[in-house]
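Beneath this line is the structure, given in structure tokens, with notes to follow.
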Amino acid sequence: MDRLWTVDEVAAYLGVPVGTLYQWRCRRIGPPGRRIGKHLRYLPEDVHAWVREQV
């Protein structure tokens, strides 16, 4: 299994500001993230799937 991506890594991959990811999360429209303790992490395959759904 690949390692989980941080918010900064997902933002860089998508080319959006970190704040945009948090706004999307609050609106439930962005890629699905998971809380691991106090940290927000993303499965790379979930991010890739979300991107494919946007096209």
Side-chain angles (χ1 to χ4, degrees):
M1 180 166 128
D2 292 333
R3 70 176 187 80
L4 300 174
W5 286 357
T6 65
V7 174
D8 290 329
E9 290 170 324
V10 175
Y13 175 77
L14 296 176
V16 299
V18 170
T20 298
L21 278 179
Y22 285 115
Q23 288 176 9
W24 288 349
R25 182 170 168 80
C26 288
R27 295 179 187 163
R28 299 181 190 270
I29 61 172
R34 292 161 174 78
R35 282 273 170 209
I36 308 295
K38 65 178 182 175
H39 304 284
L40 179 59
R41 295 292 184 260
Y42 294 85
L43 287 169
E45 56 266 22
D46 287 350
V47 176
H48 294 304
W50 180 83
V51 169
R52 283 191 297 274
E53 292 171 6
Q54 304 311 303
V55 177

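Computed from a prediction, not measured in an experiment: that's the story for all the values here. Note: hydrogens, waters and symmetry copies are ignored here, and every other heavy atom, side chains too, is used.
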Inset, instruction - Measure the shortest side-chain to side-chain distance between L21 and L14 over non-hydrogen atoms and say whether it is less than 4.5 angstrom. - result: yes
Inset, instruction - Sequence neighbours left out, what pairs pass side chain to side chain donor-acceptor pair (under 3.5 Å) with at least one residue falling in residues 25-36? - result: R34-D46
Legend entry - Heavy-atom side-chain proximity of W50 to V10 below 4.5 angstrom: no
Legend entry - Sequence-distant partners of Y13, side-chain hydrogen bond (donor to acceptor under 3.5 Å, both in side chains), two or more places apart: H48
Legend entry - Nearest non-hydrogen partners of T6 and Y42, listed with the distance: O-CD1, 4.3 Å
Legend entry - Transitive ILVMFWY side-chain link V7 to V51, under 4.5 Å: yes
Legend entry - Joint hydrophobic cluster, Y22 plus V47, side-chain heavy atoms closer than 4.5 Å: yes
Inset, instruction - Examine I29 and L40 and state if one hydrophobic cluster contains both, with Ile, Leu, Val, Met, Phe, Trp and Tyr joined whenever side-chain heavy atoms are less than 4.5 Å apart. - result: yes
Legend entry - Reported CD-to-CZ distance for the pair E45 and R52, which is rounded to 0.5 angstrom: 10.0 Å
Inset, instruction - Say whether, by atom type as modelled, one donor and one acceptor occur between the side chain of W5 and the main chain of A11 under 3.5 angstrom. - result: no
